[in-house]
*Asks:* 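Supplied in structure tokens, the structure appears directly below.
Atom set for the values below is all heavy atoms of this structure, side chains included, hydrogens, waters and symmetry mates excluded. Chain letters run A, B, ... following the sequence lines, proteins first and then strands; every chain starts at 1. Bear in mind the structure is a predicted one, so any value in this text is a computation, not a measurement.
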Amino acid sequence: MNEPYQSDVVFLVGFALAVVLLPLVTLLAFRWIRPTHPGGLKAQAYESGMPQASAPRRPFHMAYYTFALIFIVFDVEALLLFAIAPVLHDIGWPALAEVGGFVALVAGGLFYAWRKGVLVWR
Amino acid sequence: MTPVLILSGTLFAIGVFGVLTRRNAITMLVSVEIMMNAANLNMVAFSRLYHPELMTGQVLAIFGIGIAASEAAVGLALILTIYRRYGSTDVDRADLLKG
Amino acid sequence: MMASDVLFVVFGVIAAACALYGVLTRYLLRSIVALGAFLTAVAGEFYLLAADFVAMVQIFVYVGGIVVLMLFALMLSTSGERQPLAGSDRRGLSALLAYALGGMLVWASVGAKFPAVLDRLPASVPYLGRALLGEQLFAFEFLGVILLAAVVTALALVRSERL
Amino acid sequence: MSTWLTLGRGFVLGVVAFSMVGVITAAFVLLERKVSARIQMRVGPTRTGPHGLLQTIADLVKLVMKEDVRPEFADPVAFRLGPMLTAVPAVLSFVVIPFGAPLVMRDLNVGIVYFLAVPGMTVVGLLLAGWASYDNYSFLGGLRSSAQFISYEIPRTLAVVTVVMLAGSLNTVDLLEAQKTVPYILLLPLSFAIYMITTLAEVNRVPFDIPEAESELVAGYHTEYSGFRWSLFFLAEYGALFAAAAFATLLFLGGGNGPVLPAVVWFVGKTLVVVFVFMWVRWTLPRFRADQLMRLAWKVFLPASLVNLVLAALVMMAVGR
């Protein structure tokens, strides 16, 4: 029953298992060798020798979010293009027009963002 | 087929539970994503049954993921706006309409 | 039980556990990370259900995109520590409702009869492209419109605030 | 029981891939130090072993022997997850790299999308690491690196789309077949340029190494990490560097195709040349500012990659594959 897909997953699971376990095992194995003296000055955050001036994790610049926002839209677009790209040549010109329309729509979003001055990093 | 449906039903119920109990907008969004994934799971599963070569279910699942992306983008923008205005992402605090 | 069934159950249990943890935990950040794990498990289910491309879309867009977006939003808003749950009475009622809904869905699916799945399903990639350009063209173009609308709306929302 | 066999095969190859990344990291660190030394008219490490060849081995031993320090306010779960989530995807992407036509760990149908999707998870790791450390430098570094990563991901992906369009397949082995006669660098020079430059940003190399701008951010998201956890970030960085170079070889340089020598030699040779170019660039160019970096991504590379996509599609339709 649909052998290739399932054996792909089985393989990937085995692979991922190895890749996750190996660093964990190394980390545990060397616990017996490496020194462990928690606390003291080294438990403080490193800020170039100064005491921490302000707490991190404070609300930050909105620009990060706007970029992430545009990113996700293009992310979806690029993925759909991956589905279409292999057959584009075989279907021919009408397909190209359809894809062109789609790309133009999404590029419109970029154009809008550009005009609004969102793409300037401040 | 039945195991898939049981799984997706369970996941959907978990999502509903999350939306109903959590008051934080971001966790509510997490719950909504869980529900959408339950739906996508069903679509992909059904895609195999009727005319698998037409890929209807899979296209719908991709469509759903695209919608989820747009929804997350707009939803989070809303949440951030609410946060900037009320200083919290708790939806009960954003009660401007209650007067 | 075949190996693939075992894997299906394993992924299913992981997905359900992560979903439950994500919904119950009081740490916002862990809730989002649990969502990421949940999404990866669901991607595994997609792959098992012969939808390899959809699985990749799931990883690419959801884990690499939406989860990142949520993390950004979290880091831009709250300090992200603990947060209160709703009152306990509400919680009991919600649990009941969710149980009822889930039970109904499960009950409906146990009774249903379905045709058998083909032994050899078509490879998804070329057919998916053809479907998107042929039968499902509307969905494809409509998604473009939705994405455009999403960008415009979200940007308008974010920009309306004095930053 | 073929299933157990597949699982075991996956596990063994996972161990192989992880060891490979370890060896690659050790070798590349040394190479990087030697190359940078030559470019700056120095000699680089010479003391440990002949010509300093054992230097990274010594460094490695030192690293695993070091204490695993965690700041007291750090989030314990996220602090542990961060390095894992950066290192694991980098190794996972090795699955689909075809070192020779039959020599691929697993020939996935959607190998190219897999290669682009899986390293995307790294961003989550960076953000978590930066956030968990409870340190201003780490937090800023994590945010900046992830912002940079996602900004350059889009043009890079769109550049790869053109290759897929020409090859007509998402499978990495098919891609090798398609380039038997002409490597795609000749057909898609613009895609190649975009891919190479955005890849530099993706693997955090100068001129795009804002996340590690020592003068502003100390060490970025891994400021608070030490010992083996810190070396996981290092493994991720060099693993991703090798994987990205291997993919450049596969997508544009014809992969293992070449006369006389076996495919593996050609593939690794071409990959090493690409890696050398990356290092060369790193030690030649100055660093961009954060705002220049983002402007470049969104106002230059993204439009350029869109235009490139449309052009490539038109030409392909008019001329044929």
*Asks:* Excluding sequence neighbours, so at least two apart, what forms side-chain contact (heavy atoms from CB on, under 4.5 Å) with C:Ala41?
*Replies:*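 side-chain contact (heavy atoms from CB on, under 4.5 Å) check on C:Ala41 returns C:Phe11, C:Ile14, C:Ala15.
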*Asks:* If only atom types and distance count, is the side chain of B:Ser8 paired as donor or acceptor with the main-chain N or O of B:Leu5 below 3.5 Å?
*Replies:* yes
*Asks:* Tell me, for B:Leu7 versus chain C, whether the close heavy atoms (under 4.5 Å) come from the side chain, the backbone, both or neither.
*Replies:* side chain
*Asks:* Is B:Leu11 close to chain C through its backbone or its side chain, or both, or neither, when contacts mean heavy atoms under 4.5 Å?
*Replies:*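 The side chain, not the backbone.
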*Asks:* Could you tell me which portion of B:Thr56 (side chain, backbone, both or neither) has an atom closer than 4.5 angstrom to a non-hydrogen atom of chain C?
*Replies:*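 When you check distances to chain C, atoms from both the backbone and side chain of B:Thr56 fall under 4.5 Å.
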*Asks:* So which part of C:Leu97 gets closer than 4.5 Å to some heavy atom of chain B, the side chain, the backbone, both or neither?
*Replies:*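 For C:Leu97, side-chain heavy atoms alone lie under 4.5 Å from chain B.
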*Asks:* With a 4.5 angstrom heavy-atom cut-off, could you sort out which part of C:Leu49 is near chain B: side chain, backbone, both or neither?
*Replies:*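 Both parts, heavy atoms under 4.5 Å.
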*Asks:* Shortest non-hydrogen contact from C:Arg26 to B:Arg22?
*Replies:* CA-NH2, 4.1 Å
*Asks:* Under 30°, 30 to 60°, or over 60°: which ring-plane class applies to C:Phe142 and B:Phe63, parallel, tilted or perpendicular?
*Replies:* parallel
*Asks:* Heavy-atom pairs under 4.5 Å with chain B: which of C:Tyr99, C:Phe46, C:Tyr127 has the most?
*Replies:*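 Option with the top pair count is C:Phe46.
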*Asks:* Just give me the residue among C:Ala19, C:Pro126, C:Gly134, C:Ala34 that pairs up with chain B most often, heavy atom to heavy atom, under 4.5 Å.
*Replies:*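 Sorted descending by pairs with chain B, the first entry is C:Ala19.
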*Asks:* Only pairs of heavy atoms separated by less than 4.5 Å count here; which of C:Val151, C:Val42, C:Val54 has the most with chain B?
*Replies:* C:Val54
*Asks:* Counting heavy-atom pairs under 4.5 Å to chain C, which of B:Thr10, B:Leu41, B:Val16 comes out on top?
*Replies:* B:Leu41
*Asks:* Sort out for me which of C:Arg130, C:Met104, C:Met70 touches chain B most, counting heavy-atom pairs under 4.5 Å.
*Replies:*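 The answer is C:Met70.
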*Asks:* Taking every non-hydrogen pair under 4.5 Å, which of C:Thr153, C:Leu128, C:Ile146, C:Val57 racks up the most with chain B?
*Replies:* C:Leu128
*Asks:* So what's closer than 4.5 Å to chain B heavy atoms on C:Val61: side chain, backbone, both or neither?
*Replies:*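 C:Val61 touches chain B through side-chain heavy atoms alone.
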*Asks:* Who wins among C:Ile66, C:Leu101, C:Leu132 for the most heavy-atom pairs under 4.5 Å with chain B?
*Replies:*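 The residue among C:Ile66, C:Leu101, C:Leu132 with the greatest pair count is C:Ile66.
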*Asks:* Is it the backbone or the side chain of C:Phe72 that comes under 4.5 Å from a heavy atom of chain B, or both, or neither?
*Replies:*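 Neither the backbone nor the side chain of C:Phe72 comes within 4.5 Å of chain B.
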*Asks:* At what distance, to the nearest 0.5 angstrom, does CE of B:Met28 lie from CG of B:Leu20?
*Replies:*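 One gets 8.0 Å once the value is rounded to the nearest 0.5 Å.
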*Asks:* I'd like to know which of B:Ser70, B:Ser31, B:Ser47 tops the heavy-atom pair count under 4.5 Å against chain C.
*Replies:*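 Highest number of heavy-atom pairs under 4.5 Å: B:Ser70.
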*Asks:* Using the side-chain contact (heavy atoms from CB on, under 4.5 Å) criterion, which residues pair with C:Val13? Sequence neighbours excluded.
*Replies:* C:Val9
*Asks:* Sort C:Phe140 into side chain, backbone, both or neither according to what part of it lies under 4.5 angstrom from a heavy atom of chain B.
*Replies:* neither
*Asks:* For B:Gly18 and C:Val23, which heavy atoms make the closest approach, and how far apart are they?
*Replies:* CA-CG1, 3.3 Å
*Asks:* Of all heavy-atom pairs between B:Met43 and B:Ala61, which one has the smallest distance, and what is that distance?
*Replies:* SD-N, 4.0 Å
*Asks:* Would you give the length of the straight line joining atom CG of B:Leu76 to atom OG1 of B:Thr81, rounded to the nearest 0.5 angstrom?
*Replies:* 10.0 Å
*Asks:* For the candidates B:Ile34, B:Ile6, B:Thr2, which exhibits the highest count of non-hydrogen atom pairs separated by less than 4.5 Å from chain C?
*Replies:* B:Ile34
*Asks:* Rounded at 0.5 Å granularity, tell me how far CZ in C:Phe53 sits from CE in B:Met55.
*Replies:* 11.5 Å
*Asks:* Find out whether C:Phe38 and C:Tyr21 are in side-chain contact, i.e. whether some heavy atom of one side chain is under 4.5 Å from a heavy atom of the other.
*Replies:*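 No, side chains not in contact.
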*Asks:* Non-hydrogen atoms of chain B under 4.5 Å away: do they reach the side chain of C:Leu39, the backbone, both or neither?
*Replies:*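 Interface part for C:Leu39: side chain.
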*Asks:* Would the number of heavy atoms belonging to other residues, nucleotides or ligands and lying under 6.0 Å from CD of C:Glu135 be above 12?
*Replies:*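 Counting other residues, nucleotides and ligands, CD of C:Glu135 stays at 12 neighbours or fewer.
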*Asks:* Among B:Leu54, B:Leu60, B:Val4, which residue forms the greatest number of heavy-atom pairs with chain C at distances under 4.5 Å?
*Replies:*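 That would be B:Val4.
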